[in-house]
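Every value quoted in this text rests on a predicted model; they were computed, and no experiment measured them. Below, chains carry the letters A, B, ... as their sequence lines are ordered, and counting in each starts from 1.
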Protein chains: 2
Amino acid sequence: MSNKRVFSDRCDCEVIHEEVVNKVREKMPKEETLYDLAELFKVFGDSTRIRILWALDESEMCVCDIASLLNMTQSAISHQLRVLKQAKLVKNRREGKVIYYSLDDDHVRLICDQGMAHIKEG
Amino acid sequence: MSNKRVFSDRCDCEVIHEEVVNKVREKMPKEETLYDLAELFKVFGDSTRIRILWALDESEMCVCDIASLLNMTQSAISHQLRVLKQAKLVKNRREGKVIYYSLDDDHVRLICDQGMAHIKEG
DNA sequence: AACACATATGAATTATTGTTCATATGTTCT
DNA sequence: AGAACATATGAACAATAATTCATATGTGTT
């Protein structure tokens, strides 16, 4: 076990286990990748969006229906659907005036299920 | 297919597919559960915390090591570790002055992996 | 007991983000 | 073309949260 101590730039304390830190550093994904991952989870990290995702897992729905279901304004829902779409979590199709939203892929359900499993253990 | 239209409280538009909405409403988990789920994902939704989780997946580490690895202050890391611990995503053990943090359960990895899978498809 | 060190924490500041309000876009129907 | 409706969007406001700074706590060492 190494106990060398090295000052780093912005850390006000010292590295205690340099070897471990170096080993872990090598295995870390690119900064950018982890940033993107955090951005993805940020999308799941809002109760309005989670409720939308959960609802769409049951059935495709139009914006008004979702707004009514969640008792929120059409505008608020529309803004959130945009966020979900940018994250490629939902897709939509148009049928006349009405736009139907649905889940875009299976990861959504898997991620939610894992999250639920964690909560239920509490 | 039902096309009844009903005004709802706070929605500025009308329910278009009442049956669908009612069916979905029945299947929705309790409001509180989905709130908790969102709170969980919120914890994953920060790049500092995601990097900490990823690092701890490689090896248990002390606070200084993590601070050094991520080039951040000890204080910032400590604050985030508290958030992670409250969410039961990490645990710690003391060895003298040093406190080692590690992942608390397997969901962390599974959730991260699903998230990564989603990103990589993009 | 005094000191050094690893970590934790409270308050302040800055940054980010969700919702609202007003309005714009795009579609259907007459 | 104009009216009605479903949805989208930009700006403003309010709420939340991440980091910093100063300092406190807890442990080991001399």
J.: Between atom CZ in B/Arg49 and atom P in D/dA17, what is the gap in whole Å?
T.: 9 Å
J.: Are OP1 or OP2 of D/dA8 and a side-chain N or O of A/Tyr101 less than 4.0 angstrom apart?
T.: yes
J.: Round to the nearest Å and state the distance from B/Met72 atom CE to C/dA6 atom P.
T.: 19 Å
J.: Could you check whether any side-chain heavy atom of A/Glu60 comes within less than 4.5 Å of a side-chain heavy atom of B/Val20, counting everything from C-beta outward?
T.: no
J.: Can you name the side chain to side chain donor-acceptor pair (under 3.5 Å) partners of B/Glu31, sequence neighbours left out?
T.: A/Arg51
J.: Of the options D/dT19, C/dT7, C/dT19, whose atoms approach the side-chain atoms of A/Thr48 most closely?
T.: C/dT19
J.: For A/Glu95, enumerate each residue passing the side chain to side chain donor-acceptor pair (under 3.5 Å) test, keeping only those at least two apart in sequence or located in another chain.
T.: A/Arg93
J.: Table please: side-chain donor-acceptor pairs of residues 103-115 of chain B below 3.5 Å, with sequence neighbours left out.
T.:
{"unit_1": "B/Asp105", "atom_1": "OD1", "unit_2": "B/His107", "atom_2": "N", "d": "2.9"}
{"unit_1": "B/Asp105", "atom_1": "OD2", "unit_2": "A/His118", "atom_2": "ND1", "d": "3.0"}
{"unit_1": "B/His107", "atom_1": "ND1", "unit_2": "A/Gln114", "atom_2": "OE1", "d": "3.4"}
{"unit_1": "B/His107", "atom_1": "NE2", "unit_2": "A/Glu121", "atom_2": "OE2", "d": "3.1"}
{"unit_1": "B/Arg109", "atom_1": "NE", "unit_2": "B/Asp57", "atom_2": "OD1", "d": "3.1"}
{"unit_1": "B/Arg109", "atom_1": "NH2", "unit_2": "B/Asp57", "atom_2": "OD1", "d": "2.9"}
{"unit_1": "B/Gln114", "atom_1": "OE1", "unit_2": "A/His107", "atom_2": "ND1", "d": "3.4"}

J.: Going by side chain to side chain contact (heavy atoms under 4.5 Å, CB included), name the residues that satisfy it together with B/Lys85, two or more places apart in sequence or in a different chain.
T.: B/Val90, B/Asn92
J.: Please give me every residue in residues 37-44 of chain A whose heavy atoms get under 4.0 Å of an atom in DNA chain D, ordered by residue number.
T.: none
J.: Taking protein heavy atoms under 4.0 Å as touching, what does nucleotides 24-30 of chain D look like 5' to 3' if B marks base contact, S marks sugar-phosphate-only contact and - marks none?
T.: --SBS--
J.: Quick test: give all pairs of protein nitrogen or oxygen and nucleotides 9-12 of chain C nitrogen or oxygen below 3.5 Å, distance rounded to 0.1 Å.
T.:
{"unit_1": "C/dT9", "atom_1": "O4", "unit_2": "B/Ser75", "atom_2": "OG", "d": "2.7"}
{"unit_1": "C/dG10", "atom_1": "O6", "unit_2": "B/His79", "atom_2": "NE2", "d": "2.8"}

J.: Rounded to the Å, how far apart are A/Asp65 CG and D/dA6 P?
T.: 10 Å
J.: Which pairs pass ring-ring contact (aromatic ring centres under 6.0 Å, His included) with one or both residues in residues 20-55 of chain B, sequence neighbours excluded?
T.: A/Phe41-B/Phe44, A/Phe44-B/Phe41
J.: Just how far, in rounded Å, is P of C/dA8 from NZ of B/Lys85?
T.: 8 Å
J.: Residues two or more places apart in sequence or in another chain: which of them pass side chain to side chain contact (heavy atoms under 4.5 Å, CB included) with A/Glu58?
T.: B/Val24, B/Lys27
J.: According to ring-ring contact (aromatic ring centres under 6.0 Å, His included), does anything in residues 74-103 of chain B pair up with another residue at least two apart or in another chain? List the pairs.
T.: A/His17-B/Tyr100
